[in-house]
There are 2 protein chains.
Amino acid sequence: MKKKTKHPSIKDVAKEAGVAISTVSNVINETRFVKEEISNKVLKAIKKLNYRPNIIARGLRTKSTKTVSIILPDIGSPFFAQVIKGMEEVARNRGYTLILGCTFYNIEEEERQMNVLLDKLIDGLIFFCGYDKYEHIKKINDQKIPVVVIDREIDDPNIPSVMINNTLAMETAVDYLCSFNHREIGYLTFSFENQTTVRNRYIGYCNGLKKNKISYNPKFVIIDDSVRLNEIEGTYNIVKKFLENGEKIPTAFITMADFFAYGLIKALKEKGYRIPRDVSIIGFDNIIFSGFVDPPLTTVKQPKKLMGSTAMNLLLDIVEGREVKEKNIILPTEIIERGSVGPPG
Amino acid sequence: MKKKTKHPSIKDVAKEAGVAISTVSNVINETRFVKEEISNKVLKAIKKLNYRPNIIARGLRTKSTKTVSIILPDIGSPFFAQVIKGMEEVARNRGYTLILGCTFYNIEEEERQMNVLLDKLIDGLIFFCGYDKYEHIKKINDQKIPVVVIDREIDDPNIPSVMINNTLAMETAVDYLCSFNHREIGYLTFSFENQTTVRNRYIGYCNGLKKNKISYNPKFVIIDDSVRLNEIEGTYNIVKKFLENGEKIPTAFITMADFFAYGLIKALKEKGYRIPRDVSIIGFDNIIFSGFVDPPLTTVKQPKKLMGSTAMNLLLDIVEGREVKEKNIILPTEIIERGSVGPPG
DNA sequence: TATTTTAATAAAAACGTTTTTATGATATTA
DNA sequence: TAATATCATAAAAACGTTTTTATTAAAATA
């Protein structure tokens, strides 16, 4: 076992400066007035020993480690990455560090991770996306441990949350396609048993159809969970098979996430379909790459960084006991028009 | 300030079970034999109170928090995300949690983040990619704080590291293009003053040219730092301007990272160039999207997950005092052939 | 049986902080 | 001048663990 050279402790500083431990603490935290002469001695000792207080030991006493953690299903997704970027910036500016816990879309893992992190005396917790189980979140929220849920629609308004209106956003996507006179609209999605977000988007799709007097065609709905693992290849294969089976294809597709669209586009183009001339596509998320596929993807933009910063600010406000006006925040979405949607050929 | 409902401590368990604190500790850690009868009482009390030891307090005593942290320049990059995924898996399996620190390509930030994390009693540290300054890394490595550097070529063999041979890999890319009879080969890169990785790839490019008896043409080297911020748009604009200036363009491009290729492809296609018929492109990294641009990108693959898992295993071996056979590990790269390279038209 | 060894548990110290309480000097008041 | 208030600092307690040392009871030995 490698042995670390011992870091100087507050005791060492006190000895070096010839004062009491508490005086050093008072100088560091400015909790009491300390005569300039003594204060200077302490400061000098701190500098000389290159002392920095041990946050952990401090946390043991103060119950705050200035650390918040984020539990999310997948660290490899550019969508999450952007949201986290928004969080990170806020956290850093407000003096907190971030711990990431990753569940890899394993439901049980979420609670386990939560416990592991809680053991480390974190000040607060952000839960990302989700599964429909949230008893554990309710529980710790009831225990007054600061929690914010992001990207998951929870029916308990006591749990602070930041989200978009998935149903409405997806309805807008249908409307948008209909404004181009599409009447046959396919839908690519995760399976939606366990995830409200996924389900609500699907509901939005259905609502949109109804609203535009289009009858629902189950053959146009393709379910694909490979994307969860960032395996675009999976979507590509599924769509390819779909096309090879000689299924009738709709004049337009909505994908529940941009990721689906990449595989979809590739498969369609390989089979000779031109986009948007033969098939229109609208995605969801507006991931950075969507502007660089061919054709560039029209998509429903989620305000990713804003979601992140909003959630982190909300959490830290709660952690620090500030007043929060609204603890269930809904952020707007927006359609980014690029080149993948046009009138049906 | 919201007040948390107090978590039960080991003291509460001891009282509940009617034994001494140390006995509880012995039961939990199996440090001493405890009679089954007493042990059962303790276990029951633990269960009843839903007690979990406070890792922080434990860490204060044992000097280990079972936490390692990763300092990286950008959390939003799919390349890093994949590497981190590899790390996360290993860390989790070996019972550690991860803290991420993000520097956003700010050199000063790296040392600051390092100090912040060190204050939290982490067991070890992985530094990602890099800048040429590494006195601070040397310093803490000398202090026997376990460190591993990844994706940065450091000339000090005392610092454990995991990397690829960037020079060689890039040379291979040149060879590959030459095998298609390309003689005019452009190069897209970050500016390379401060980053050995970037510079070494460039050197590989130059070596490759020399080896294949191609004279170096500075006009073919495009420097673009926008990609650092994941702004593919930036590359697109630079290349577009390049093309509009009527510059002669090479028959093939190498990009130092796949990200450049996306903007490059878009700009070229907009100006009517066909890929690979008019211009061939080979990237570097093999990011997931590279299989889904049009044409699919031929690229030099970095073994991202393997790099991550290797680095984490190396770090934890050091942390746990295991013997490490080789502390400067070089992993192989490989050319992934897709559709963006062909013979010059 | 008296003494020593061993086993099991309890008590206390330690980790590095902050915070509360105690101390002693100085300044203020009666 | 004696009593009191204030100020600056020191000492001690606390946070929740692990680890070291002490204690007690039982078992083994002489």
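Per chain, numbering begins at 1; letters A, B, ... match sequence-line order. Being a predicted model, the structure only gives us computed values, none of them experimental.
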Which nucleotide in [options] has an atom nearest any side-chain atom of [X]:
| X | options | answer |
| --- | --- | --- |
| N26(B) | dT19(D), dT17(C), dT9(D) | dT19(D) |
| I38(A) | dA10(C), dT18(C), dT9(D) | dT9(D) |
| S9(B) | dT17(D), dA12(D), dC15(C) | dT17(D) |
| S22(A) | dT17(D), dT19(D), dA11(D) | dA11(D) |
| I10(B) | dT18(C), dG16(D), dT17(D) | dT17(D) |
| V19(B) | dG16(D), dA10(C), dA8(C) | dA10(C) |
| R61(A) | dA10(C), dA10(D), dA14(D) | dA14(D) |
| N29(B) | dA8(D), dT18(D), dA11(C) | dT18(D) |
| V34(B) | dT17(C), dT9(C), dG16(D) | dT9(C) |
| L60(B) | dG16(D), dA10(C), dT9(D) | dG16(D) |

Between [atom2] on [N] and [atom1] on [X], what's the gap in Å once rounded to a whole number?
| X | N | atom1 | atom2 | value |
| --- | --- | --- | --- | --- |
| R32(A) | dT21(C) | CZ | P | 11 Å |
| H7(B) | dT17(D) | NE2 | C1' | 14 Å |
| I55(B) | dC15(D) | CD1 | C1' | 16 Å |
| R52(B) | dG16(D) | CZ | P | 14 Å |
| I56(A) | dT18(C) | CD1 | P | 13 Å |
| N54(B) | dT18(D) | CG | P | 10 Å |
| E30(A) | dT19(C) | CD | P | 14 Å |
| K15(B) | dG16(D) | NZ | P | 12 Å |

For I21(A) and K11(A), find the nucleotide of DNA chain C closest to each by heavy atoms; which residue's nucleotide sits nearer the 5' end?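 Whichever sits nearer the 5' end wins; that is K11(A).
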Do N29(B) and S25(B) have side-chain N/O donor and acceptor atoms under 3.5 Å apart?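 The criterion, which ignores hydrogens and geometry beyond distance, is satisfied for S25(B) and N29(B).
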Can any side-chain N or O of D151(A) pair as donor or acceptor with the backbone N or O of F128(A) at less than 3.5 Å?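 Pair absent, no side-chain N/O of D151(A) close to backbone of F128(A).
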Please check: side-chain N/O of T23(B) versus main-chain N/O of V19(B), any donor-acceptor pairing under 3.5 Å?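 It does not hold such a pair.
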Would you say S25(B) reaches dT18(D)'s phosphate, i.e. side-chain N/O to OP1/OP2 under 4.0 Å?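 Answer is yes, contact under 4.0 Å.
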Please determine whether a side-chain nitrogen or oxygen atom of K63(A) lies at a distance below 4.0 Å from atom OP1 or OP2 of dT18(C).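 False: K63(A) side-chain N/O out of range (4.0 Å or more) of dT18(C) OP1/OP2.
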Closest-nucleotide mapping onto DNA chain D: is G18(A) or T31(B) further toward the 5' terminus? I mean the 5' end.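 Comparing both residues, the 5'-ward one is G18(A).
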M307(B) side, atom CE; L331(B) side, atom CG - distance, nearest 0.5 Å: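 One finds 7.0 Å between CE of M307(B) and CG of L331(B).
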Just verifying a value: how many Å separate N115(B) CG and R52(A) CZ, rounded to the nearest 0.5 Å?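 Atom-to-atom, N115(B):CG and R52(A):CZ are 4.0 Å apart.
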Under 3.5 Å, is there an N or O donor on one side and an acceptor on the other linking the side chain of T23(B) and the base of dA10(C)?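 Not at all, since no donor on one side and acceptor on the other fall under 3.5 Å apart.
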Which of these passes side chain to side chain contact (heavy atoms under 4.5 Å, CB included) with L125(A): V68(A), I70(A), N141(A), L118(A)?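 That would be L118(A); it is the only one of V68(A), I70(A), N141(A), L118(A) passing the side chain to side chain contact (heavy atoms under 4.5 Å, CB included) with L125(A).
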